[in-house]
Novice: 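Quick one: the structure is below, and I'll ask about it shortly.
Naming: A, B, ... by sequence-line order, numbering from 1 per chain.
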Amino acid sequence: MKSKITTWNVNSLKVRLPQALDWLRQQQPDILALQETKLPDPDFPTLDIANAGYQSCFAGQKTYNGVAILSRLPASDLVTDLPGLDDPQRRVLGATIGGVRVLNLYIPNGQAVGSDKYAYKLAWLERLIAWVARECAAHPRLVMLGDFNIAPEDRDVHDPVAWAGQVLCSEPERAAFRRLQDLGLKDAFRLFPQQDRSFTQWDYRAAAFRRNLGLRIDHILVSPTLAAACTACWIDPAPRRLERPSDHAPVIAELNLDLN
DNA sequence: ATGGTGGCGCGGCCA
């Protein structure tokens, strides 16, 4: 039985709810991890999502950040914080669904190298790596996905020269991504041949999407056990073409796996 | 053009 595990930074679930519901109907994923929901938990559209056939779990806040997981099967063992980091920003949602440990992340953007937000991002990544190491040890079937705000390699950047050393591409950020890979996690997208200039995010400005001036910063990382079951991984650019789109496109991993 | 667009929410922050 094939399963679809997916991620999408929707940049406001309130605005993008109709698009998200359409996308669920079209793609029929088993799991959809959302980032930048920008909703307080009492405002989460649980009922609309239930009517589409999905359960919801979420960790949200007003105006900024916010993560959620929509799934066919119920979620248990929820985690909403990095252990040891007292952080009001809602960027983490861990859950166990159908025997798979799912870590949904909205990693800090970092704004600019050298800024306070960049320092926060690097400290956050340190805490993340320590936590994920323990999660990987405890859960052979693990997927870590979301908006990483890291373009892992130059081929993930439309203009690597212009972006060299900039936030999202800097060496400390890329080193953190490699440390996640050193835990055994595989970048599902790179398990398969892909077109050159494949991206998941395009700035709203300067007609960046039309010109394909994007970055690949949304990722699905899978444990060795799940990598062996992964049969495909692709980016769906269709939602980025809609009117009033998110600046991000969804990413889909298909696995030869029974969730139960 | 040291800008541009979009979300939140109504001034300024964040991406």
Novice: Is a donor on one side and an acceptor on the other found under 3.5 Å between the side chain of His219(A) and the backbone of Ile150(A)?
Specialist: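 Side chain of His219(A) to backbone of Ile150(A), a donor-acceptor pair under 3.5 Å: yes, one is there.
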Novice: Using only side-chain N and O atoms of Lys117(A), determine if any of them is under 4.0 Å from OP1 or OP2 of dC14(B).
Specialist: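 Lys117(A) to dC14(B) OP1/OP2: side-chain N or O found under 4.0 Å.
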Novice: In whole angstrom, give me the gap between the P atoms of dA1(B) and dG6(B).
Specialist: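 After rounding to an integer number of Å, I get 23 Å for this pair.
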Novice: Of the nucleotides dG7(B), dC8(B), dA15(B), which one has an atom closest to the side chain of Arg205(A)?
Specialist: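 In terms of side-chain proximity for Arg205(A), the closest of dG7(B), dC8(B), dA15(B) is dA15(B).
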Novice: Check the angle between the aromatic planes of Trp23(A) and Trp8(A) and answer parallel, tilted or perpendicular using the 30° and 60° thresholds.
Specialist: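 Trp23(A) and Trp8(A): tilted rings.
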Novice: Does Thr63(A) put a side-chain nitrogen or oxygen below 4.0 Å from OP1 or OP2 of dG7(B)?
Specialist: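 Answer no for this pair, as no side-chain N or O of Thr63(A) is under 4.0 Å from OP1 or OP2.
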Novice: Considering non-hydrogen atoms only, spot the tightest contact between Lys121(A) and Glu173(A) and give its length.
Specialist: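 The pair with the smallest heavy-atom distance is NZ-OE1, 2.5 Å.
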Novice: Once you apply a heavy-atom cut-off of 4.0 Å, does Phe209(A) come out as touching a base, just sugar-phosphate, or nothing?
Specialist: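 No contact at all - Phe209(A) keeps every heavy atom at 4.0 Å or more from the nucleic acid.
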Novice: Between Glu243(A) (CD) and dT5(B) (P), how many Å, whole number?
Specialist: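 Taking CD of Glu243(A) and P of dT5(B), I get 16 Å after rounding.
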Novice: Could you give the CD-to-P distance, from Gln19(A) to dG6(B), as a whole number of Å?
Specialist: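 Checked: the CD to P distance equals 13 Å.
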Novice: At what distance, to the nearest 0.5 angstrom, does CD1 of Ile217(A) lie from CD of Gln201(A)?
Specialist: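 Answer for the CD1-CD pair, Ile217(A) versus Gln201(A), is 4.5 Å.
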Novice: Find which nucleotide of DNA chain B each of Asn109(A) and Val15(A) is nearest to by heavy atoms, and output the residue with the more 5' nucleotide.
Specialist: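 The residue mapped nearer the 5' terminus is Val15(A).
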Novice: In whole angstroms, how far is the C1' atom of dG9(B) from the CG atom of Asn11(A)?
Specialist: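 Distance check: Asn11(A) CG to dG9(B) C1' gives 14 Å.
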Novice: Whole angstrom is fine here: how far is it from CZ in Arg240(A) over to C1' in dG6(B)?
Specialist: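 Between C1' of dG6(B) and CZ of Arg240(A): 10 Å.
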Novice: So, is Arg244(A) close to the dT5(B) phosphate, meaning a side-chain N or O under 4.0 Å from OP1 or OP2?
Specialist: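 So the side-chain polar atoms of Arg244(A) never come under 4.0 Å of the phosphate oxygens OP1 or OP2 of dT5(B).
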Novice: Provide, to the nearest angstrom, the distance between the CG atom belonging to Leu213(A) and the P atom belonging to dT5(B).
Specialist: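 Roughly 15 Å, once rounded to whole Å.
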Novice: When the distance from CG of Asn65(A) to C1' of dC8(B) is rounded to whole Å, what number comes out?
Specialist: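 Going from CG in Asn65(A) over to C1' in dC8(B) covers 13 Å.
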Novice: Take the protein atom NZ of Lys14(A) and the nucleotide atom P of dG7(B), then report the distance between them rounded to whole Å.
Specialist: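 My rounded result for the distance is 12 Å.
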Novice: P atom, dC14(B) versus dG9(B): distance in rounded Å?
Specialist: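 To the nearest whole Å, 14 Å.
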Novice: At what distance, to the nearest 0.5 angstrom, does CZ of Arg72(A) lie from CG of Leu259(A)?
Specialist: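 Between Arg72(A) CZ and Leu259(A) CG, I get 11.5 Å after rounding to 0.5 Å.
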Novice: Return the 5'-most residue of the pair Gly110(A), Arg16(A) with respect to DNA chain B, ranking by each residue's nearest nucleotide.
Specialist: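 Looking at the nearest nucleotide for each, Arg16(A) comes out on the 5' side.
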Novice: Just N and O in the side chain of Lys38(A): are any of them under 4.0 Å from OP1 or OP2 of dC14(B)?
Specialist: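 So the side chain of Lys38(A) is outside the cut-off, no N or O lying under 4.0 Å from OP1 or OP2 of dC14(B).
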Novice: For Leu242(A) and dG6(B), give me the distance from atom CG to atom C1', rounded to whole Å.
Specialist: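 Whole-Å distance recorded here is 16 Å.
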